[in-house]
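The first residue in the sequence is number 1, and the count goes up from there.
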Amino acid sequence: METFRWSFGILFSRLVRLPSMNGKVALVPWADMLNHSCEVETFLDYDKSSQGVVFTTDRAYQPGEQVFISYGKKSNGELLLSYGFVPKEGTNPSDLVELPLSLKKSDRCYKEKLEALKKHGLSASQCYPIQITGWPLELMAYAYLAVSPPSMSKQFDEIAAAASNKSTIKKDLRYPDIEEKALQFILDSCESSISKYSKFLQASGSMDLDVTSPKQLNRRVFLKQLAVDLCTSEQRILFRAEYILRRRLRDMRSGELRALRIFDGLRNIFK
């Protein structure tokens, strides 16, 4: 078991994926010493002419300056799981947080919606990635299904298909009549997740340790700091999503209010 754990750790923390060899993986001595930077977009790859693995930098480096490589467009969670570090908050454009969504069992159409989801490989509870720049169309489709009334039962299958990333159906569905409810559903899920992150961060207390020098830290404290760093970065994404959703809902509701005022004004004119 000890040998297996060592081998597993070496493989998943040191392997290199080679694009020109159809994504084959290899262990390349010394190449695994290069550190990751979110600002770099160059990778190691196999070079047929030299029959070796090469790395071409994407900028000029000064003598004595550390050379960086990209480990791939991975979230902070993926980087922590595979490589044991978390980039500084706000520096990783590929960072994301998984947002859990669930159908309500009190929904009158719960069974019908669940059946539609299962047909397309989904379940009553799903997780969708949210980035600082937004969220996938599949997430919005799931939200539409979650809030859709019984009168839309004939469209359950179409919406469930759009909520699946395995489907080729057009996912950019629009249902203006329930869009506000769908956005509110996503907002409620975001706020629920934010609350859980806040409880963990509050329980963890104030931590701001230098995790770039793990040898100087107690292992338990070191891991706790990494967890705090990860949760802080993921909560930041949720806060951004919450802000965007609240603005969209506010704009929608103020637009509806203006429309009602115009309608009331016209009605008074024609009285």
Side-chain donor-acceptor pairs under 3.5 Å in residues 9-19, sequence neighbours left out?
residue : atom : partner : partner atom : Å
Ser13   : OG   : Gly9    : O            : 2.5
Arg14   : NH1  : Asp32   : O            : 2.9
Arg17   : NH1  : Gly23   : O            : 3.3

Check your understanding: So, Glu158 side chain and Gln155 main chain: donor-acceptor pair closer than 3.5 Å or not?
Key -> no
**Study point:** Aromatic plane relationship, Tyr144 with Tyr175 - under 30° parallel, 30 to 60° tilted, over 60° perpendicular
**Key:** perpendicular
**Study point:** Asp188 backbone acceptor or donor facing Ser192 side chain under 3.5 Å
**Key:** no
Exercise for review: Run the numbers on Glu115 and Lys111 for salt bridge (Lys or Arg N to Asp or Glu O under 4.0 Å), then give the verdict.
Suggested key: CA-CA 6 Å; Glu115 185 178 337; Lys111 290 184 178 180; over 6 Å; no
Study note, to complete from the structure: Sorted by chain and residue number, the side-chain hydrogen bond (donor to acceptor under 3.5 Å, both in side chains) partners of Ser102 (sequence neighbours excluded) come out as Ser125
Exercise for review: Using atom types as modelled and distance alone, determine if a side-chain donor or acceptor of Asn76 lies under 3.5 Å from a backbone N or O of Val86.
Suggested key: no
Exercise for review: Give a yes or no answer on whether the side chain of Lys113 reaches the backbone of Ala146 with a donor-acceptor pair at less than 3.5 Å.
Suggested key: yes
Practice item. Would you please classify the geometry between the Tyr71 ring and the Phe85 ring as parallel, tilted or perpendicular, with 30° and 60° separating the classes? Key: perpendicular
Point to revise | Tyr243, OH atom: more than 12 neighbouring heavy atoms under 6.0 Å | key: no
Exercise for review: Evaluate whether atom CD of Gln51 has more than 12 neighbouring non-hydrogen atoms of other residues, nucleotides or ligands under 6.0 angstrom away.
Suggested key: no
Exercise for review: Check the pair Arg59, Glu39 against salt bridge (Lys or Arg N to Asp or Glu O under 4.0 Å), reporting the backbone distance first and the verdict last.
Suggested key: CA-CA 11 Å; Arg59 69 175 179 85; Glu39 299 175 356; over 6 Å; no
Point to revise | More than 12 heavy atoms from other groups under 6.0 Å of CD on Glu41 | key: no
**Study point:** N/O donor-acceptor pair under 3.5 Å between Ser164 side chain and Ala161 backbone
**Key:** no
